[in-house]
Protein chains: 4
Amino acid sequence: MSGDITTSRDADQTRQNILEVALKEFSEYGLTGARVDRIAKGTRTTKGMIYYHFGDKDGLYKAVLEEIYPKLRKSEEKLDKSNLSPIEELEKIIDFTFEYHKNNENFVRMVMIENINNGETLRKTDVDTGVSQNILMELSSILIRGQKEKVFNRNISPIDLHLLYTSFCFYRVSNHHTVSTVLGMNMLSSSNSIRHKRLVKDVIIAYLLSSEP
Amino acid sequence: MSGDITTSRDADQTRQNILEVALKEFSEYGLTGARVDRIAKGTRTTKGMIYYHFGDKDGLYKAVLEEIYPKLRKSEEKLDKSNLSPIEELEKIIDFTFEYHKNNENFVRMVMIENINNGETLRKTDVDTGVSQNILMELSSILIRGQKEKVFNRNISPIDLHLLYTSFCFYRVSNHHTVSTVLGMNMLSSSNSIRHKRLVKDVIIAYLLSSEP
Amino acid sequence: MSGDITTSRDADQTRQNILEVALKEFSEYGLTGARVDRIAKGTRTTKGMIYYHFGDKDGLYKAVLEEIYPKLRKSEEKLDKSNLSPIEELEKIIDFTFEYHKNNENFVRMVMIENINNGETLRKTDVDTGVSQNILMELSSILIRGQKEKVFNRNISPIDLHLLYTSFCFYRVSNHHTVSTVLGMNMLSSSNSIRHKRLVKDVIIAYLLSSEP
Amino acid sequence: MSGDITTSRDADQTRQNILEVALKEFSEYGLTGARVDRIAKGTRTTKGMIYYHFGDKDGLYKAVLEEIYPKLRKSEEKLDKSNLSPIEELEKIIDFTFEYHKNNENFVRMVMIENINNGETLRKTDVDTGVSQNILMELSSILIRGQKEKVFNRNISPIDLHLLYTSFCFYRVSNHHTVSTVLGMNMLSSSNSIRHKRLVKDVIIAYLLSSEP
DNA sequence: GATGAATGAGGCTTCATTCAT
DNA sequence: GATGAATGAAGCCTCATTCAT
């Protein structure tokens, strides 16, 4: 019967609606600061439904967390990287990473919050090393091509390369409040963003091009 | 008589005792997750004293926050940087920064927590751009010397230079739970720490040495 | 189904139950002296429900206050005053006022308490001059009739007339503890009550009958 | 030695200073609403002194209460009532009472507060029926003279006479917040005060002059 | 007598969760 | 599935009072 289908479609919509509101709430207030009541009010449904679908507050938090990494990776994989040189491909990836963090502060904040939470929930999650295999393999391939072509002269692991640019892209967004205050600037101003986007690529490329000492 | 001194010393000791315990509590659980009762139990005194000395939970959080930046900068200024080349001096600063973040996860977590708090408390604080002037001026002097000596060929502001190495040093610690989980590694293992400490310096030096395109 | 009705009836019963207990508590101990815990224990429900229905202690106090004036005025309006002379009608009103204050010490105490509170809560309330329009209009009509019939020879406003008898009826109850102590009597003894009830009417009638000097 | 004298003079000044501040605090916030800390801050001395001189908060409240009645009666006795007719003397007393309540809202509020407190503290106090004997005797003498002179035709006790005018004078001040709100007026406006001062005297004189029915 | 610091009981309020309909 | 009402543990904070110097 279509009854069940319709019902489950509704249920899915309800779940999605709750998840969206919960992402906003958790990323704004943190795990302990988030309020189930506030989430419920923000949705089209009621508190009871949250408990029905997600068990408890931690279950909801877990569900929110489970969604954000695959979402990032899926966007990443949509990039068209055909016919690019290693440098061009790497720049494209860094550009994407830069923009994604800049445009998804919610994602950045959720990751911070989960680290404050000592990563306990993420570890209980289906999100495993699998989600990052693609990007690591791609970085690996870029590095190999660059080394083969004698463009890259450094020996660096894909993971370290990934950390190098991600840390900068992440930090700019995650720490913009304190950095802006302490350094007396607006870290996310348009001019800073433009310059930083160029900078992170230049630094990494300069490193890869440079010779081992 | 030493009465006054003793009295005020006691108060100071009480304050310091509370602040130490509070730093641990806040950095472990966050602003909303911290429990005043738990802090009180950890001290040599009672809950009432927390309110007597700091007004309320937010006041205590603010007091904790007010201490961490000056503490970092004071350590930084203790470095002996006499008779060093620009590269050597920069490496010394980056080493210090790397070690400080590695050894003071509490500091890193407090900064994260304050960013989750949108920097609201830090802005109400005496901690202003002053605390960072010394390090920025030192970086500036290094850059100028390096350029004069034709060792550095890049034009970069002290602030951007500072962000480059700090972001990496910070992120390694702040995000180690999620990164270790997602990338299937132990970011803070001794071997990773050694390699990363070398890496961040190499990358930045390589950039500064390289020519503008 | 009667589900909705029953549900809302339950909520109403809970609210009413809380309000009754709260009136006793507030009138006995004052706004600051009242204890939410004691109120909760007196009800059929729990402390949480007080906050659920009334927001906070002040909200509960406001709700209690909002009920007492309309209750008085509604009782007042139930009086049958058909076919009475101006004097008879006025005496009926004064008798009612006298008895109402005597029998509702809670009301008297709430009004005292709100005056100690500088009337701040009452002013935030829906209770406005409307609630007293009926009684003032009735007094006005009595005065006009009495003057037309050449029975009353004094020119007095309905408000002043109202104050004259109300002040006495109120004060007898509001101040009975101190007055009884200081004057060495029992202000609320039956014989005093009987005599005072006669006295307040006699005084006012004597005034209205007397000629302007 | 003058040392002791000076000391006790200082002590007296300290006590008086505390009592003045406490009167303001208690009359503003009530017994339970008053704060010992706030009182201490308002004085020239410290909290310890309050406990030293008055034992505890209730002791201080009692001391404040003990002062207000004798103060009123002492002012009352200063009136020069020589060569006055009974009516003139009575008017003088009512005028005094009216003005005293109008000018000493603190007194009025303390009395209200003590009634909210069920007069418990006053009863434990030295303030007894003695303090009011003089005024009652004076009223008695007025009534007797008025009756002898065939000016007063009513048989009323001094106590009831006292209640009649005091209730009005008290109520005007004690209830001005709620009455002004509910009746839509400003009870303590200058024009109302002038008219009420005339009114209360006229009403009582009219009664005394009128014949028993 | 004077003072700042300390105490601890108890006050107000919140909030995740469950229940009845 | 949906909803308002209810629960109770636990959170933050206040305040009369006492102590040490």
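All values below come from the heavy atoms of this structure, side chains included, with hydrogens, waters and symmetry mates left out. Each chain gets a letter, A, B and so on, in the order the sequences are listed, and its residues count up from 1.
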Original post:
When the distance from CZ of D/Arg15 to C1' of E/dG1 is rounded to whole Å, what number comes out?
Top reply: 15 Å
Original post:
Among residues 57-66 of chain B, which residues get a heavy atom nearer than 4.0 Å to DNA chain F?
Top reply: B/Lys57
Original post:
How close do C/Ile113 and C/Phe26 get, heavy atom to heavy atom, and via which atoms?
Top reply: CD1-O, 3.0 Å
**OP:** Any pair with a residue in residues 116-127 of chain A that passes side chain to side chain donor-acceptor pair (under 3.5 Å), sequence neighbours left out, goes on the list, sorted by first then second residue, please.
**Re:** A/Glu114-A/Asn117, A/Asn117-A/Thr121, A/Asn118-B/Arg109
Original post:
Closest approach of B/Thr32 and A/Gly33, non-hydrogen atoms and distance?
Top reply: OG1-N, 3.3 Å
Subject >> Flag side-chain contact, heavy atom, 4.5 Å: B/Leu122 against A/His177 >> reply: no
Original post:
What closest approach, in Å, do A/Glu25 and A/Arg35 show between heavy atoms, and which atom pair accounts for it?
Top reply: OE2-N, 3.0 Å
**OP:** Verify the contact: side-chain N or O of C/Thr14 to OP1 or OP2 of F/dA5, cut-off strictly under 4.0 Å; return yes or no.
**Re:** no
Original post:
Which whole-number value in Å describes the distance from A/Ile18 CD1 to F/dG1 C1'?
Top reply: 11 Å
**OP:** Identify, with sequence neighbours excluded, every residue that meets salt bridge (Lys or Arg N to Asp or Glu O under 4.0 Å) alongside A/Lys57.
**Re:** none
**OP:** Write down the distance between CD1 (B/Ile39) and P (F/dC13), rounded to a whole number of angstrom.
**Re:** 11 Å
Original post:
Using the C1' atom in both, what is the distance from F/dT21 to E/dG1, to the nearest Å?
Top reply: 13 Å
Original post:
Are any of the side-chain heavy atoms of D/Val127 and D/Leu65 separated by less than 4.5 Å?
Top reply: no
Original post:
Short question: side chain of B/Asn106, backbone of B/Lys24 - any donor-acceptor pair under 3.5 Å?
Top reply: no
**OP:** Evaluate the side-chain proximity of C/Met110 to C/Tyr61: yes if any heavy-atom separation is below 4.5 Å, no if none is.
**Re:** yes
Original post:
In dot-bracket, 5' to 3', how would DNA chain F read with Watson-Crick or G-U wobble pairs under 3.5 Å, [ ] for crossing ones and | for pairs to another strand?
Top reply: .||||||||||||||||||||
**OP:** Evaluate the side-chain proximity of B/Glu66 to B/Lys62: yes if any heavy-atom separation is below 4.5 Å, no if none is.
**Re:** yes
**OP:** Round to the nearest Å and state the distance from A/Lys41 atom NZ to F/dT3 atom P.
**Re:** 15 Å
**OP:** Would you kindly say whether D/Asn115 and C/Ser174 are connected by a side-chain donor-acceptor distance under 3.5 Å?
**Re:** no
Original post:
Atom CZ of A/Phe54 and atom P of F/dA2: how far apart are they, to the nearest Å?
Top reply: 13 Å
Subject >> Of residues 21-37 of chain D, the positions that come close to DNA chain F - non-hydrogen atoms, cut-off under 4.0 Å >> reply: D/Ala34, D/Arg35, D/Val36
Subject >> C/Ile50 CD1 to C/His53 NE2 distance, which is reported to the nearest 0.5 Å >> reply: 10.0 Å
Original post:
Is NZ or CZ of D/Arg38 both nearer than 6.0 Å to the six-membered ring centre of D/Tyr29 and within 45° of the ring axis?
Top reply: yes
Original post:
In residues 44-53 of chain D, which residues come under 4.0 Å of DNA chain F by heavy atom?
Top reply: D/Lys47, D/Tyr51
